[in-house]
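Quick notes on the structure that follows.
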Amino acid sequence: MKKAIVVFASGTGSNFKNIVEKIKIHNLDAEVVLLVSNNSNCNAVTFAKKNNIKTFIYNSKKYPNDFNQDILLKKIKQYEIDLIILAGYMKKISKNLIKNYKNKILNIHPSLLPKYGGKGFYGMKVHEAVYANKDKKTGATVHFVDEDYDTGPILIQKEINLKLDEKPSKISDKVLELEHEIYFKSVRLFCEDKILWKNNKPLIKE
Ligand code: GAR
């Protein structure tokens, strides 16, 4: 049965777009029912509007006293949803939200977690660190979200080799391509009910 997804994004939204495109070509039996963003001017919001996807702008300027994200939760609860995906979302999700959607929130991170995870490591910062450390490989990780940054149970992780002296922008391009591949794969596994939980770890049903 078709799954209802809420996407959270803060920037370019290429991961978000990729999921929507896969839905359009019937590679994913799902619907994005809402896009949540902290940034009303980002490309992800523009893309959502163009594609008739409802948007909700949520930030501390608009809701300065909503410390537990109750307003956000209430908004999401208006929809009967199956999955939340964070696609380049640069804000922390509250415990409140995580408790309400246990094992139903996915995140993509542009590194081989636990390497380069945690507060301060996001987007280009990750690739700059990989470059500065002369790492020979990097990758991307899809994981379920728990109460800390980038620490939740890993669903899929994939690595790539780096050539000598590949610059951060090049690393970013390569990793993003990988992200699109494994995020789509992860979301599809979820939508096809192919993830089972054992001892708090997600396993993929073959
Ligand atoms: C992606 O590389 C994603 O992994 C990263 O932000 C980028 C967003 O790109 N997310 C994080 O660093 C989260 N900690 P996109 O807007 O084109 O999907």
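Counting starts at 1 for both ligands and their atoms, in listed order.
For K185, the side chain to side chain contact (heavy atoms under 4.5 Å, CB included) criterion is met by I156, not counting sequence neighbours. With sequence neighbours left out, Y101 forms a ring-ring contact (aromatic ring centres under 6.0 Å, His included) with no residue at all.
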Quick one: table the atom pairs, ligand 1 N or O against protein N or O, below 3.5 Å, distance rounded to 0.1 Å.
unit_1: ligand 1; atom_1: 2 (O); unit_2: E179; atom_2: OE1; d: 3.2
unit_1: ligand 1; atom_1: 2 (O); unit_2: E179; atom_2: OE2; d: 2.7
unit_1: ligand 1; atom_1: 4 (O); unit_2: E179; atom_2: OE1; d: 2.8
unit_1: ligand 1; atom_1: 4 (O); unit_2: E179; atom_2: OE2; d: 3.2
unit_1: ligand 1; atom_1: 12 (O); unit_2: G123; atom_2: N; d: 2.9
unit_1: ligand 1; atom_1: 14 (N); unit_2: H109; atom_2: ND1; d: 3.2
unit_1: ligand 1; atom_1: 16 (O); unit_2: G13; atom_2: N; d: 2.7
unit_1: ligand 1; atom_1: 17 (O); unit_2: S14; atom_2: N; d: 2.9
unit_1: ligand 1; atom_1: 17 (O); unit_2: S14; atom_2: OG; d: 2.6
unit_1: ligand 1; atom_1: 18 (O); unit_2: S14; atom_2: N; d: 3.3
unit_1: ligand 1; atom_1: 18 (O); unit_2: N15; atom_2: N; d: 3.0
unit_1: ligand 1; atom_1: 18 (O); unit_2: N15; atom_2: ND2; d: 2.9

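Residue pairs meeting the side-chain hydrogen bond (donor to acceptor under 3.5 Å, both in side chains) criterion with at least one partner in residues 7-20, sequence neighbours excluded, are S10-N38, S14-H180, N15-E179, N18-K22.
Between P110 and T138, the shortest heavy-atom contact is O-OG1, 4.4 Å.
Atom NZ of K201 has 12 or fewer neighbouring heavy atoms from other residues, nucleotides or ligands inside a 6.0 Å radius.
The side-chain heavy atoms of L155 and I204, taken from C-beta on, include a pair separated by under 4.5 Å.
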